[in-house]
Each structure stands twice: as C-alpha cells, then as structure tokens.
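Numbers here are sequence positions counted from 1. Both backbone and side-chain heavy atoms feed into the values below; hydrogens, waters and symmetry mates do not.
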Amino acid sequence: MTERIRVADAIGRTIARLGAAHVFGVVGSGNFHVTNALVDAGVPFTASRHEMGAACMADAYSRATGRVGVLSVHQGCGLTNALTGIAEAAKCHTRMLVLTGDTAAGDVTSNFYIDQDAAVAAIGATPARIHSATSAVADAARAFHTALLDRRTVVLSLPVDIQDKLIDFDETRIPAAPVRLAPGASPEAVDRLVSLLGAAERPVVVGGRGAWDAGPELRRLAAAAGALLVTSAAGRGLFVGDEWALDIMGGFATDPAAELIADADVLVAFGAALNQWTTRGGALLPTATVVQVDDREEAIGRYRPVDLAILGDAAVVAASAADALEERRPGRVGYRTPAVHARVQAARYWKDQPFEPRREPGLVDPRELVNALDAILPVERVVATDGGNVNCYAGAHLRVPDQRGYCIPLSFQSIGLGLSAVMGAGIAQPDRLPVVGTGDGAFLMTLVELDTAVRLGMGMVVVVFNDDAYGAEVNIFAGETDRFDIVRFPETDIAAIARGYGCDALTIRDVAEVDGVRAWLDGPRDRPLVIDAKIAGFPSWMMARGHGHAPVETAATVA
Ligand SMILES: Cc1ncc(C[n+]2csc(CCOP(=O)(O)OP(=O)(O)O)c2C)c(N)n1
Ligand SMILES: [Mg+2]
C-alpha cells in the first residue's frame, strides 16, 4: 500500500525494515524525525550524552551481534563529535550505518556546514547520501546493504531539505539485500594447505575476527592437523574450552604461549590480519611457513608477506581442508604431544603466570587486583579494555566466555572508547555482566556516559586503574627525561565523581578490598559499580616489552 509520507519517515521505516538492530545517538533537529521513525518502527533507541559514546556503543553492539547497528547524529558538529568512534568502527570493519543530518545542498553559509562526505572518506568510512526525494529509499537501502554485505561503516548523509519532502512510500517495495554466495576456495589451494598441514610437525591455527563464525570448523581442522589453536586479539574467546587452545596471540600473549607460537613450523591464520600487534612485529613468526585465509582480498599480505594466500570463507576452507586431512592422514599427532599439552594448560592464562607483586603503601598492584577480580566476577561476562599503559590488565587477564564476550576497541588506538564500548556490547548481551578496564585518563575523557548507564540501570563493573597520570607517556619517555608535569595530575577522587552520577563506587588501595565487589555482586546490580583503583604506577608487562614487540625466546633462538 502506498502512503504519502515525509522522506525522513520513509528512511527510518526503510532502515528498520531492512533489519536495523538498535539505534544509538544524540538527537538534534537534523535527525529528529528519522530517529523517531526508527523508534516507531520498533528499533530500540539509546540516547547517549555525547556522540562519540553513541558511536562506540553502536560499534560494539554491531560487533557483538554481527547485525547492523545504527548511529544517529545531527549534521556537522554532531557528526564531527562522533568521528573518532566512527573511525574505530571503520578500521574494525564493523557493519554500522550512521544516519546524519546534512545541510541542504548549496547552503554553505549554514553554521552546520562542513563537507561531510570528505570528512567521512578521510577517516576511512564510506560516505553515502540520499540524492533526491525520489531516490531516497533506494539510496538508504543501498547504504544499509553496503554496511551489511561488505562489512563497512557507512555514513548516510540526509540533507534536511530532502528529508522534509513528501513521497509516495510503499514499504513492500524496499529493495532487498542481494544474496551473496559464500566464496569458496579452489581445490588446488585447499590441496596445498592440506599438504602443508599434513607435513607440519608443530602447526598452529589462528582465528581472528573474520573467523568468528567458523569456530567449530577451525577446531576440527586443528584436531585433524594436530595443531594448537590461538586467536588474534579481535578473535579472543573463539576457542574457549578447547584443551589445545592457547588464549591469545600477539602483544597480549603470555610468555610461555608466545614461545609455543614462535616455535610453530606452519601457521595458518583465518580471518586474522597478522598485523604488527598479532605477530609482535614479526617476532612470533621467526621461521613458520605462513598461510593466510581471508574473504577480503585487501586483507591478504597487508602487514607481512605470506607463503600461501587463500581467498575464501574461513568456515568453508577449514571444513574442506579438515575433510581432506581426516581422510588422508587420520590420527596425526603434530604439535599435540603430552608434553605440549601440559605446557598449553600452564601457558594459557595470565592468572596462572607468576609475578612479584609491587608493595607500595596505599597502592594496589594492578595485576593482583585484576586477577582477584577475574576470580570473583561471573564468567558470563563481556569484557572491554581501553588504551594506555594499563590496557593489558583487563584486555588479557580477565577471561572471557567466548568471542562475543570480548570487545577490544583499539583499532584506532584511541583512548576513551572502552566505557561506551562495553555498554554497547552489554546492551547487546543483557544476560552478561559488562566489565571494562580503563585508565584514569581514558575514563575522565568520556565518563559522561555514566549518566547513560545509570539511566539504563546497567549493572556493570568499571575498573579505573588510576595512577593520576598518562602512565603510557610517563613510561615511554622514562629513559629520556624526568619532565612529566604535563602528563601528571593531582589526585582525582573518581569514586566521588561516580557517586555523583548515581553509580555505586569503591576505592581500592589493597587487594583485600575486593570484598566490596563481592558485596556489590550479591546486591541488585541495578547501576554501575565504579572502582577507583589507586594503583602502583609502573610499566605494565606489555609496556615493558616495548608495547609488546620484544623478541621471543624460542627453541630455535636459544639453541
Ligand atoms: C584520543 C587519544 N589521545 C591521546 C592518546 C595518546 N595516549 C595514549 S595512552 C595515553 C595515556 C592514557 O592514560 P590513562 O588512561 O590514565 O592510562 P595509563 O597510560 O595511565 O595507564 C595517551 C594520552 C591516544 N592514544 N588517544
Ligand atoms: Mg593513568
């Protein structure tokens, strides 16, 4: 049935009908009608207090669900406020659609005017726009399909003059997403992979974000090849529960896990970019023959040369290779010896790695604290980390239940995204406890979203590793200068600030004080718990390794 309605309303209904999962945003005049139309069509809306927070929430929500999250912002300044979060989403290939108002064509004297398409393109997101009233529905549908099918962050500009026009809208005639067949791999390529794995003595299979839906196939392939399993940071959680799986590769790996990976003779990465973090600047792959499987051509060989590149769907390639291996060489031991089994169990988690705690009066050792929290927080959790010296504590010490239980918003390496990211991931998974670890600097940059969390009644745990400094900078330049006034701050009472927002709060100076967290867990959990952890400020193990890039001792280098 055709209805005569405003373009803004038609676009909201179109995006809703195509499957928008949730809309986050800050509403101004330029996105008022379109956002209301989404809400009227049944898409839940979360109002954040700052556009960057909304962008991070939409990004994390989309990552956790694989669906298209929507960010809705006002034109010009609403969009620029969100750009850091949009850049993070674009770098992570998040399926996200940004609906932004725009000034009318030619209205360059408007205060809100900027060249939105140029700004969006400059940060690596995909600009799109509605061009006219008659093309608006098709333009909006195309933007949605691009985000969904190409795993892109698309910014759809909606000029305010076009939004107000009336059109004949028929909801049943919205263009549907084209059907895409999963790209397969050539039998020759799979043959080469099978030959390599069939001859490997110490194979390792890596799962990245691009393999999130291929966990069972990768586990089967690794079993057939006698391989160890491990993930990149973005894939963390994918192999939880597999006795032959290490937790995480790269800068966040434990030292004994890094040794096991560096000793691999064949390493096959599925949907993992093998960037400088994942490989510790190459140190984790000193001699291995490297195979990269990815369904995006531009991902192949982007960070390092590979010996065999296969363009294909992770699950399809892994399943074909597993079939062939199971048939050709059943019962391969490979890397799966009893001695390696014991090493994997000991190497998997940071909580099991020994360290000498720092004893400084009135300050807690962040490793002791995070290990204690890991032990008492329910494992049904969704963990996010922020940047800075302390990023590895929540990022690597807190165990996760599966890949959807972990969100690492560090593709742009911006600080300040963690709090909003854990909220987005938590909204997507309401049965899990959201837990975020952040530095004081990162937290104070974006803490305004505590207001949103309190309004939503989110029972989540925010651990602020508080050293009253930009500790990363202090540690990076420690050998060079002692002039750190510009990155140190007077003590901030973060617990008091959090209480002001309506949160529960705890100050922790000693690990025994985590009892307060136990008490909170037993309570109603109807608001955030913010922990102001007064920590001893020393380089984290990640920072001490030169951001995690230091070489690894392997059997080969020791010999
Ligand atoms: C948006 C942004 N601004 C600045 C930086 C540079 N930077 C990286 S880490 C850091 C310090 C973060 O301080 P805090 O959150 O307290 O963590 P800490 O390093 O003290 O553990 C800064 C300023 C950045 N990465 N992103
Ligand atoms: Mg700090």
Side-chain angles (χ1 to χ4, degrees), residues 349-351 355 357-386 388 390-401 405 418-419 422-423 426 430-444 446-447 449-468 471 491-538 540:
Y349 288 127
W350 273 100
K351 72 178 176 64
F355 65 92
R358 290 267 182 145
R359 298 279 172 240
E360 290 184 39
L363 299 176
V364 64
D365 182 310
R367 297 161 298 181
E368 271 194 308
L369 173 63
V370 78
N371 285 350
L373 289 171
D374 181 62
I376 64 173
L377 297 174
V379 176
E380 268 309 305
R381 56 178 84 149
V382 48
V383 173
T385 188
D386 211 303
V390 294
N391 69 3
C392 58
Y393 299 134
H397 286 247
L398 291 179
R399 287 166 301 156
V400 300
L419 174 65
V422 91
M423 289 172 61
D431 47 345
R432 291 184 160 174
L433 176 72
V435 186
V436 59
T438 168
D440 49 307
F443 175 75
L444 289 165
T446 47
L447 84 175
E449 298 309 345
L450 288 180
D451 177 83
T452 307
V454 168
R455 185 171 8 101
L456 299 179
M458 282 190 84
M460 65 174 179
V461 177
V462 181
V463 190
V464 184
F465 297 101
N466 185 359
D467 63 353
D468 295 312
E491 191 172 329
T492 307
D493 188 346
I494 283 174
I497 293 172
R499 283 190 197 101
Y501 274 98
C503 300
D504 292 327
L506 260 182
T507 301
I508 290 190
R509 296 177 179 278
D510 185 291
V511 72
E513 286 161 337
V514 295
D515 276 348
V517 181
R518 279 201 189 88
W520 182 85
L521 285 170
D522 291 339
R525 297 196 212 166
D526 57 358
R527 64 194 68 187
L529 171 67
V530 177
I531 300 173
D532 183 4
K534 307 288 191 191
I535 61 161
F538 58 91
S540 67

Do [X] and [Y] have side chains that get closer than 4.5 Å, going by heavy atoms?
X    : Y    : answer
D365 : V511 : no
L377 : V517 : yes
V390 : S540 : no
F443 : V530 : yes
P528 : M460 : yes
L369 : F465 : yes
R358 : R367 : yes

[atom1] of [X] to [atom2] of [Y]: how many Å apart, nearest 0.5 Å?
X    : Y    : atom1 : atom2 : answer
T438 : L447 : OG1   : CG    : 10.0 Å
I535 : D468 : CD1   : CG    : 9.5 Å
N466 : I494 : CG    : CD1   : 4.0 Å
D532 : I497 : CG    : CD1   : 8.5 Å
N371 : F355 : CG    : CZ    : 5.5 Å
I508 : L363 : CD1   : CG    : 13.0 Å

Does the side chain to side chain contact (heavy atoms under 4.5 Å, CB included) test come out yes or no for L373 and I531, once each step is laid out?
CA-CA 11 Å; L373 289 171; I531 300 173; 4.3 Å; yes
Taken in chain and number order and not counting sequence neighbours, the residues that satisfy side-chain hydrogen bond (donor to acceptor under 3.5 Å, both in side chains) with N391 are none
Residues passing the side-chain hydrogen bond (donor to acceptor under 3.5 Å, both in side chains) test with D467, sequence neighbours excluded, are none
Atom of [X], atom of [Y] and distance for their closest heavy-atom approach:
X    : Y    : value
G405 : V400 : O-CG1, 3.4 Å
T507 : A495 : OG1-CB, 3.4 Å
G502 : R527 : O-CD, 3.4 Å
L433 : P378 : CD2-CD, 3.8 Å
L506 : G516 : CD1-C, 3.7 Å
V364 : A533 : CG1-CB, 4.5 Å

Just by distance, no angles: are the side chains of T452 and E449 close enough, under 3.5 Å, to form a donor-acceptor pair?
yes
Spell out, as yes or no, whether a donor-acceptor pair under 3.5 Å connects the side chain of R499 to the backbone of A505.
yes
Salt bridge (Lys or Arg N to Asp or Glu O under 4.0 Å) partners of D440, counting only residues at least two apart:
none
Salt bridge (Lys or Arg N to Asp or Glu O under 4.0 Å) pairs, two or more places apart, involving [range]:
range            : result
residues 376-386 : D374-R381, E380-R432
residues 504-514 : E491-R509
residues 451-466 : R49-D451, D451-R455

